[in-house]
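On a predicted model such as this, the values are computed, not experimentally measured, just so you know. Numbers here simply count residues along the sequence, with the first being 1.
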Amino acid sequence: QVQLVESGGGLVQAGGSLRLSCAASGSIFNINAMGWYRQAPGKQRELVATITTGGNTNYADSVKGRFTISRDNAKNTVSLQMNSLKPEDTGVYYCNARIQGTWWSSESNIWGQGTQVTVSS
């Protein structure tokens, strides 16, 4: 059983910074893309940033220049450094990874339980 566990959420004032971390554990043969998504109250879940095994990144326009995604392939972790936070960044942040559990299994899309980020004005 593969799981993703997030940490690092919390309450911060506008302009502040937070760092989110996510660790994958369990039966893991290979992890392909990893990323972060968020869901604000009353809104759909949206992409924040993704990163491939090779380090190629993709960001939502709203966070470009403020957020940085990184991963450690040896430790099966992905992080999101969030700077210059705005109240509109408030929401539940979910870690996501496409994981192959064994060499013969297909890839599964795995989600973490989510961590709350609240930015006060």
Side-chain angles (χ1 to χ4, degrees):
Q1 188 79 6
V2 178
Q3 63 176 352
L4 299 174
V5 178
E6 300 119 333
S7 61
L11 172 64
V12 65
Q13 288 188 330
S17 299
L18 282 175
R19 184 177 180 84
L20 305 182
S21 296
C22 172
S25 63
S27 175
I28 298 172
F29 173 74
N30 185 51
I31 302 179
N32 293 313
M34 303 184 80
W36 291 92
Y37 292 71
R38 67 187 180 190
Q39 187 166 18
K43 294 188 176 181
Q44 290 189 331
R45 191 174 299 186
E46 63 176 3
L47 178 147
V48 175
T50 60
I51 184 168
T52 67
T53 305
N56 293 320
T57 58
N58 179 51
Y59 295 93
D61 288 342
S62 59
V63 307
K64 283 181 180 177
R66 300 187 297 122
F67 290 11
T68 301
I69 189 171
S70 60
R71 68 188 281 175
D72 185 329
N73 293 328
K75 296 181 179 180
N76 294 333
T77 59
V78 61
S79 298
L80 185 69
Q81 178 66 42
M82 304 185 293
N83 299 327
S84 302
L85 282 160
K86 304 175 181 179
E88 50 263 44
D89 294 318
T90 294
V92 178
Y93 282 68
Y94 296 91
C95 178
N96 173 264
R98 303 191 66 83
I99 298 175
Q100 188 179 0
T102 60
W103 66 267
W104 63 86
S105 62
S106 58
E107 190 179 81
S108 296
N109 194 31
I110 307 297
W111 293 92
Q113 80 284 358
T115 185
Q116 178 70 43
V117 171
T118 303
V119 185
S120 63
S121 57

Judged by atom type as modelled, is there a donor-acceptor pair below 3.5 Å linking the side chain of [X] to the main-chain atoms of [Y]?
X: N96; Y: I110; answer: yes
X: N76; Y: I31; answer: no
X: Y93; Y: G8; answer: no
X: R38; Y: T90; answer: no
X: S105; Y: Q100; answer: no
X: R98; Y: N32; answer: no

Over all heavy atoms of both residues, which pair between [X] and [Y] is shortest? Give the atoms and the distance, please.
X: A14; Y: P87; value: CB-CD, 4.1 Å
X: G9; Y: L20; value: N-CD2, 3.6 Å
X: C95; Y: E6; value: N-OE2, 2.7 Å
X: S17; Y: N83; value: OG-OD1, 2.9 Å
X: C22; Y: L4; value: SG-CB, 3.8 Å
X: V117; Y: M82; value: CG2-CE, 4.0 Å

Show your working on side chain to side chain contact (heavy atoms under 4.5 Å, CB included) between Y59 and I51 and close with a plain yes or no. CA-CA 9 Å; Y59 295 93; I51 184 168; over 6 Å; no
Is a donor from one side chain sitting under 3.5 angstrom from an acceptor on the other, for N56 and N58? no
If we count only N and O atoms by modelled type, under 3.5 Å, do the side chains of S79 and Q81 hold a donor and an acceptor together? no
Rounded distance (nearest 0.5 Å) linking atom [atom1] of [X] with atom [atom2] of [Y]:
X: T53; Y: R71; atom1: OG1; atom2: CZ; answer: 4.0 Å
X: I28; Y: I99; atom1: CD1; atom2: CD1; answer: 5.0 Å
X: D72; Y: T77; atom1: CG; atom2: OG1; answer: 4.5 Å
X: I69; Y: W36; atom1: CD1; atom2: CH2; answer: 8.0 Å

Which residues end up grouped with Y94 if you chain together Ile, Leu, Val, Met, Phe, Trp and Tyr wherever their side-chain heavy atoms are less than 4.5 Å apart? Y37, L47, V92, W111
Co-members of the apolar cluster containing F29 [side chain, <4.5 Å]: W103, W104
K64 and D61 ion-paired at < 4.0 Å: yes
Min side-chain heavy-atom separation S7-T115 under 4.5 Å: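 Side-chain contact under 4.5 Å: no.
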Restricting to side-chain contact (heavy atoms from CB on, under 4.5 Å), what partner residues turn up for Q3, sequence neighbours left out? V5, S25
